[in-house]
Amino acid sequence: MKNPSEIEAPTAPSTMPGAIGIRERIRAALPSFSPAERRVAEAVLHDPMAVIHLSVSELAAIADSSPATVVRLCVSVGLRGYQDLKITLASESIPSDRRVLGDITADDSVVDIAHKVMDGTARAVSQASRTIDGAALESIVDALLTARRVVFGAVGTSAPLALDTAYRLATIGVDATFAPDVHTQHVTARMMRPGDVFFAISHTGSTFETLATARAAKAAGATTVALTSFSRSPLTEISDRSIVAGSAETSYRVEAMASRIVHLSVLDALFVSLSRRSESSDAHLALTEDVLIEHRL
């Protein structure tokens, strides 16, 4: 059985599945599954709606299996991975308007929609602030303060957060960088050394590229830090320190907007904490402001 941190990107089957539903495909394939895969399949069939809100590690724990086994089962029934399973289950169980709009109704005006979206985001941030691990925050601030350099790793919708945070840390004198290209991220992580900090940002904590880069940084001796929405995920399992800050937003959404805002708030809190504790932050901020004046009327 593979270690959860050793999940490899699967190769999708060459034949496209037909119109048959995913639960029916899983049920039909039960006799061909290994014992571990069968336990995963039975967990999915027992409560498919619950699976929509679980991380890959959480489902693996329920099924007494491994994340690699979960991914292998998904590929064997014609899916591209675990996220594809969650989105497919949602598409077959929840009307499309509810998946995209949530509690928005057809009668809502633009103002009504704005109020509901903003209220929902405010609730997500408020909930995260009450449940976040203060000791983990303190530990990560300490690690960032003493780091020789900080390298961020993120892809997709988490990448803009990593880019913004690297820039903001640089404005207070932290040697922080982020490369948008995933190959550059991977190579840079492999070149890190003890005393460096690799900071991974991933909503699901199970993105192949981010996991590979985090493993490379860890193998190089860097301290690995993670910001994610799930307490049990492949990323938290391989990271030295983790901040878990999720939201009540449905986890099968492709664009986890509320989750990104929650993560941005956590990153802002880290930035403010570092600004207060760094003796040189005021001097570096003054330099930053002096440069920015040249770009404004």
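In what follows, residues are counted from 1 in the order of the sequence shown.
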Check V125, L270, T121 against S265 for a side-chain contact (heavy atoms from CB on, under 4.5 Å) and give me the one that passes. V125
Between T228 and H263, do the side chains contain a donor N or O and an acceptor N or O under 3.5 Å apart? no
Pairing of R241 and E138 as salt bridge, 4.0 angstrom limit: no
Can you confirm whether R193 is buried at CZ, in the sense that more than 12 heavy atoms of other residues, nucleotides or ligands lie under 6.0 Å from that atom? no
Checking T69 against R72: is there a side-chain donor and acceptor pair closer than 3.5 Å? yes
Out of curiosity, does L169 fall in the hydrophobic cluster containing L163 (side-chain heavy atoms, cut-off under 4.5 Å, transitive links)? yes
ring-ring contact (aromatic ring centres under 6.0 Å, His included): pairs with one or both residues in residues 147-190, sequence neighbours excluded: F152-F199
Do S57 and E237 have a side chain donor and acceptor closer than 3.5 Å? yes
According to the ring-ring contact (aromatic ring centres under 6.0 Å, His included) rule, which pairs have a member within residues 25-47, sequence neighbours left out? none
May I ask you to decide whether R148 forms a salt bridge with D175, counting only side-chain N to carboxylate O separations under 4.0 Å? no
Hydrogens and angles aside, do D240 and T224 bring a side-chain donor and acceptor to less than 3.5 Å of each other? yes
Side chains of T236 and R232, donor plus acceptor under 3.5 Å: no
